[in-house]
Amino acid sequence: MKETDFFQQVYQVVREIPSGRVTTYGAIASCLGSKQSSRMVGWAMNKAHQQNPSVPAHRVVNRNGQLTGKHHFETPFIMQQLLELEGVVVKNDCIQKFESIFWDPAKELIL
DNA sequence: ACTTTGACTATAA
DNA sequence: GTTATAGCCAAAG
């Protein structure tokens, strides 16, 4: 596979997300240059579980701060559990103070 | 090559 | 608060 693959770029960004921080699909897509392709980020995450090393997809949520992708994990509550373990407050599948812990790859990530 | 799909986002009603 | 619709684009069937 080429390192320039869209998926690989997504994985690279997601793996750079610091612990206790989260980002959105749109932010990742925007960082890759196509902010409209937020769906592709999610689609990439669909393959993420078979990637090596594993991608911390639990740090990626939708722009509403909601854990929309939790059903794609082994169990629907793993995602919230991992986030809480990193200090992220999650309630009713929504990240509390989401904007405070939001990590923008376009600004925080330095290539 | 064509159609469907998808862990999204924005807008509208 | 909800549902509906459209735009978006690459992978999968």
Do A:Val22 and A:Trp103 pass the side-chain contact (heavy atoms from CB on, under 4.5 Å) test, and can you show the C-alpha distance, the side-chain angles, and the key distance before you say yes or no?
-> CA-CA 6 Å; A:Val22 294; A:Trp103 183 83; over 6 Å; no
For A:Gln66 and C:dG1, what is the distance between atoms CD and C1' respectively, to the nearest whole Å?
-> 13 Å
Note, A:Asp93 side chain near A:Lys70 side chain (heavy atom, < 4.5 Å) = yes
Nearest-Å distance, CG (A:Leu32) to P (B:dT9)?
-> 14 Å
Would you jot down, in residue-number order, the residues of residues 52-61 of chain A having a non-hydrogen atom under 4.0 Å from DNA chain B?
-> A:Ala57
Could you check how far CG of A:Asn62 sits from P of B:dG6, rounded to whole Å?
-> 17 Å
Contact class for A:Asn46 vs. all strands (heavy atom < 4.0 Å): base, sugar-phosphate, or nothing?
-> base
Between A:Arg59 and A:Leu83, what is the shortest heavy-atom contact and its length?
-> CA-CD2, 4.3 Å
Going by heavy atoms in the side chains, are A:Phe7 and A:Met40 under 4.5 Å from each other?
-> no
Check the interface with nucleotides 10-13 of chain B: list each N/O to N/O pair with the protein under 3.5 Å, or write none.
unit_1	atom_1	unit_2	atom_2	d
B:dA10	OP2	A:Arg63	NE	2.3

Rounded to whole angstrom units, what separation is found between the CE atom of A:Met79 and the C1' atom of B:dA7?
-> 8 Å
Under 4.5 Å between side-chain heavy atoms, hopping through other hydrophobics if needed: is there a path connecting A:Ile17 to A:Met45?
-> yes
Close side-chain approach of A:Phe102 to A:Val61, heavy-atom, < 4.5 Å = no
Specify the residues of residues 85-92 of chain A, ordered by number, for which at least one heavy atom lies under 4.0 angstrom from an atom of DNA chain B.
-> none
Using atom OH of A:Tyr11 as one end and atom C1' of B:dA7 as the other, report the distance to the nearest whole Å.
-> 12 Å
With a 4.5 Å limit on heavy-atom distance, are the side chains of A:Cys94 and A:Gln96 in contact?
-> yes
Contact string for nucleotides 8-13 of chain C, one letter per nucleotide 5' to 3', B = base within protein heavy-atom range under 4.0 Å, S = sugar-phosphate only, - = neither, reads BBBSS-
Which is it for A:His72 and A:Met79 under the side-chain contact (heavy atoms from CB on, under 4.5 Å) test, yes or no, and what are the steps along the way?
-> CA-CA 9 Å; A:His72 291 259; A:Met79 188 173 186; over 6 Å; no
Taking ILVMFWY side chains as joined if any heavy atoms are under 4.5 angstrom apart, and letting links pass through other members, which residues group with A:Phe77?
-> none
Do A:Leu67 and A:Val90 touch side chain to side chain, with heavy atoms closer than 4.5 Å?
-> yes
Using links of under 4.5 Å between side-chain heavy atoms of ILVMFWY residues, direct or through other members, which residues join A:Leu85 in one cluster?
-> none
Looking at side-chain heavy atoms only, is the closest gap between A:Asn64 and A:Ile95 below 4.5 Å?
-> no
Atom NE2 of A:His49 and atom C1' of B:dA7: how far apart are they, to the nearest Å?
-> 12 Å
Is A:Leu109 reachable from A:Leu32 through a run of I, L, V, M, F, W or Y residues, each pair having side-chain heavy atoms under 4.5 Å apart?
-> yes
